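None of the values given here were measured: they were computed from a predicted structure.
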Amino acid sequence: MTEIKRIATGVHGLDEKIEGGFEVGSVISVLGGPGSGKSLLGMSFLHEGLKNGETCLLVSFEENVDDLILDMEAIGFNDIRNFVSNKKLIVSFNSPINFEYLGVLDVINENKVSRVVIDSLSAISMYMEDRGKFRKFMLDLVTELKKFKVTAIVTDEQPQVSDNDTLYFSGEYLSDAVIELFYTGLGGDFDRSMQIIKMRRTNNDRSMLPMRIDKGGIYVK
Ligand SMILES: Nc1ncnc2c1ncn2[C@@H]1O[C@H](COP(=O)(O)OP(=O)(O)OP(=O)(O)O)[C@@H](O)[C@H]1O
Ligand SMILES: [Mg+2]
């Protein structure tokens with residue numbers, strides 16, 4: 001039997017709920033509304049890799065490099081600037097218009113990147129003329145990322161319901177894992193929560209996990 005290799009997620013309390021961590025080489029969709037913690041989850045995942053000496057890539061469409069560094073420092077990743085200047089953390093800020101991922105694959109290949117975050121797909125899909133084109137884009141992207149055996153997080157806004165009530169395709173069927181983040185803004189234990197919707201090859205926790213964001217990162221229990 002092939003043993004599944006796993007890596008720490010960087011989210012406090014999550015690894016023990018998913019048999020030890022994300023499967024190496026898997027593609028994980030992180031879905032959620034505005035401010036639900038998608039970007040911070042991606043950054044925590046990269047920071048975990050950086051602490052272990054891995055080279056990591058953050059592909060951003062929404063925030064520029066300076067803002068991303070400030071975001072990471074705000075949750076206590078104070079060493080992030082050093083990782084950027086040592087080129088252990090490669091940050092690529094792109095326009096979502098006519099985005100081509102081939103450049104991303106080159107960066108992965110040339111720098112032996114092991115962890116990738118693409119934040120966010122909704123930025124890209126907004127500028128694609130139709131869903132068919134976006135679907136093809138996602139299929140190609142996931143296929144290519146898997147060839148390189150990188151572990152990748154792609155963030156996306158919550159799936160949206162169209163006029164005829166069918167869910168817009170947003171790539172989560174192609175991913176190995178889907179994690180959904182919720183933010184009610186009501187305070188209390190479930191002010192923020194996380195649910196693992198699917199995780200292939202993993203006996204994952206299925207319940208709604210109370211979550212908090214604090215200095216030190218993201219915590220689930
Ligand atoms: N140091 C901190 N302590 C507590 N909460 C924090 C801290 N830093 C950020 N947050 C919370 O995290 C939220 C931002 O999370 P994040 O940017 O990951 O969300 P997002 O899902 O990516 O949102 P968007 O859809 O806007 O991209 C902030 O709105 C804030 O509530
Ligand atoms: Mg974000």
Side-chain angles (χ1 to χ4, degrees), residues 9-11 27-129 133-134 137-138 140-142 144-145 148 150-158 160 170-171 175 179 181 183 185 192 213-218:
T9 60
V11 174
V27 177
I28 303 118
S29 287
V30 173
L31 311 177
S36 60
K38 302 180 294 296
S39 300
L40 292 180
L41 194 153
M43 292 169 189
S44 304
F45 167 71
L46 297 183
H47 189 247
E48 183 65 31
L50 293 167
K51 285 193 300 185
N52 299 330
E54 297 172 39
T55 304
C56 300
L57 170 63
L58 174 54
V59 181
S60 171
F61 299 95
E62 298 183 341
E63 291 187 75
N64 64 41
V65 180
D66 290 339
D67 284 348
L68 290 166
I69 289 174
L70 291 174
D71 289 352
M72 290 191 251
E73 288 176 339
I75 53 163
F77 300 158
N78 298 318
D79 46 2
I80 213 72
R81 261 175 223 280
N82 292 336
F83 289 122
V84 175
S85 45
N86 297 343
K87 302 205 166 54
K88 292 304 280 182
L89 176 60
I90 303 164
V91 186
S92 160
F93 178 49
N94 301 269
S95 161
I97 303 168
N98 297 323
F99 171 69
E100 295 278 352
Y101 60 78
L102 292 175
V104 170
L105 300 179
D106 287 342
V107 173
I108 292 173
N109 199 18
E110 283 160 19
N111 299 280
K112 305 210 168 17
V113 168
S114 56
R115 298 187 186 218
V116 178
V117 168
I118 300 179
D119 188 27
S120 72
L121 285 181
S122 28
I124 308 171
S125 66
M126 213 185 302
Y127 292 98
M128 292 207 174
E129 308 92 78
K133 191 168 175 207
F134 181 61
F137 170 86
M138 265 307 293
D140 292 349
L141 176 66
V142 171
E144 291 300 326
L145 287 173
F148 282 96
V150 292
T151 312
I153 286 184
V154 290
T155 70
D156 203 352
E157 293 286 317
Q158 213 85 314
Q160 286 162 9
S170 54
S175 315
I179 295 177
L181 304 181
Y183 174 49
R192 293 184 184 280
I213 299 171
D214 214 332
K215 277 266 185 275
I218 300 183

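The two residues Ser175 and Ser29 make their nearest non-hydrogen contact at OG-OG, 2.6 Å. Scanning both residues, Pro96 and Tyr127, for their nearest heavy atoms gives CG-CE1, 3.5 Å. Contact record, Ala74 with Lys215: O-NZ, 3.0 Å, taken as the closest heavy-atom pair.
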Taking it one step at a time, do Tyr101 and Phe137 satisfy ring-ring contact (aromatic ring centres under 6.0 Å, His included)? CA-CA 9 Å; Tyr101 60 78; Phe137 170 86; 5.6 Å; yes

Between Lys87 and Asn111, does the side-chain contact (heavy atoms from CB on, under 4.5 Å) criterion hold? Intermediate values first, please. CA-CA 9 Å; Lys87 302 205 166 54; Asn111 299 280; over 6 Å; no

Show, in sequence, the C-alpha distance, side-chain angles and deciding distance for Ile28 and Thr151, and conclude whether the side-chain contact (heavy atoms from CB on, under 4.5 Å) test is met. CA-CA 8 Å; Ile28 303 118; Thr151 312; 4.0 Å; yes

Would you sort out whether Asp156 and Ser120 count as a side-chain contact (heavy atoms from CB on, under 4.5 Å), showing the intermediate values? CA-CA 5 Å; Asp156 203 352; Ser120 72; 5.6 Å; no

What do the steps show when you test Val117 against Phe45 for side-chain contact (heavy atoms from CB on, under 4.5 Å), and what is the final call? CA-CA 8 Å; Val117 168; Phe45 167 71; 3.9 Å; yes

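Expressed to the nearest 0.5 Å, how far NZ of Lys133 lies from CD1 of Ile124 amounts to 11.5 Å. Taking CG of Leu141 as the reference point, atom CG of Leu121 lies at 7.0 Å (rounded to 0.5 Å). Distance OG/Ser122 to CZ/Phe134: 8.0 Å, rounded to 0.5 Å. Between atom CG of residue Leu58 and atom NE2 of residue His47 there is a gap of 13.0 Å, rounded to the nearest 0.5 Å.
A 4.5 Å side-chain heavy-atom check between Phe93 and Leu68 finds every atom pair outside the cut-off. Residues Leu46 and Leu89 have side chains in contact (heavy-atom distance under 4.5 Å, counting atoms from C-beta outward). Using a 4.5 Å heavy-atom threshold, the side chains of Val116 and Phe148 count as separate. Side-chain contact between Met72 and Val84 is absent, with no heavy-atom pair separated by less than 4.5 Å. With a 4.5 Å cut-off on side-chain heavy atoms, Arg192 and Leu181 do not count as touching. Side-chain contact between Ile90 and Val107 is present, with at least one heavy-atom pair separated by less than 4.5 Å. In this structure, Ser92 and Asn94 have side chains that are in contact, with non-hydrogen atoms separated by less than 4.5 Å. Between Leu145 and Ile108, the closest side-chain pair of non-hydrogen atoms falls below 4.5 Å.
Leu41 pairs with exactly one of Ile218, Thr155, Thr9 by the side-chain contact (heavy atoms from CB on, under 4.5 Å) rule, that one being Ile218. A side-chain contact (heavy atoms from CB on, under 4.5 Å) with Ile75 is found for exactly one of Leu40, Ile80, Asp214, namely Leu40.
Between the side chains of Lys112 and Thr55, no donor-acceptor pair of N or O atoms lies under 3.5 Å. Under 3.5 Å, the side chains of Ser39 and Asp119 contain a donor-acceptor pair of N or O atoms.
Side chain of Arg115 to backbone of Val150: no donor-acceptor contact under 3.5 angstrom is found. Here the side chain of Asn109 pairs no donor or acceptor atom with the backbone of Leu105 at under 3.5 angstrom. The closest donor-acceptor contact from the side chain of Asn86 to the backbone of Lys88 lies at 3.5 Å or more, if one exists at all.
Salt bridge annotation for Glu157-Lys38: present, with a cationic side-chain nitrogen under 4.0 angstrom from a carboxylate oxygen.
Counted within 6.0 Å of CG on Asn64, heavy atoms from surrounding residues, nucleotides or ligands total more than 12; the atom is thus considered enclosed.
Aromatic ring orientation, Phe99 versus Phe61: perpendicular (interplanar angle above 60°, classes split at 30° and 60°).
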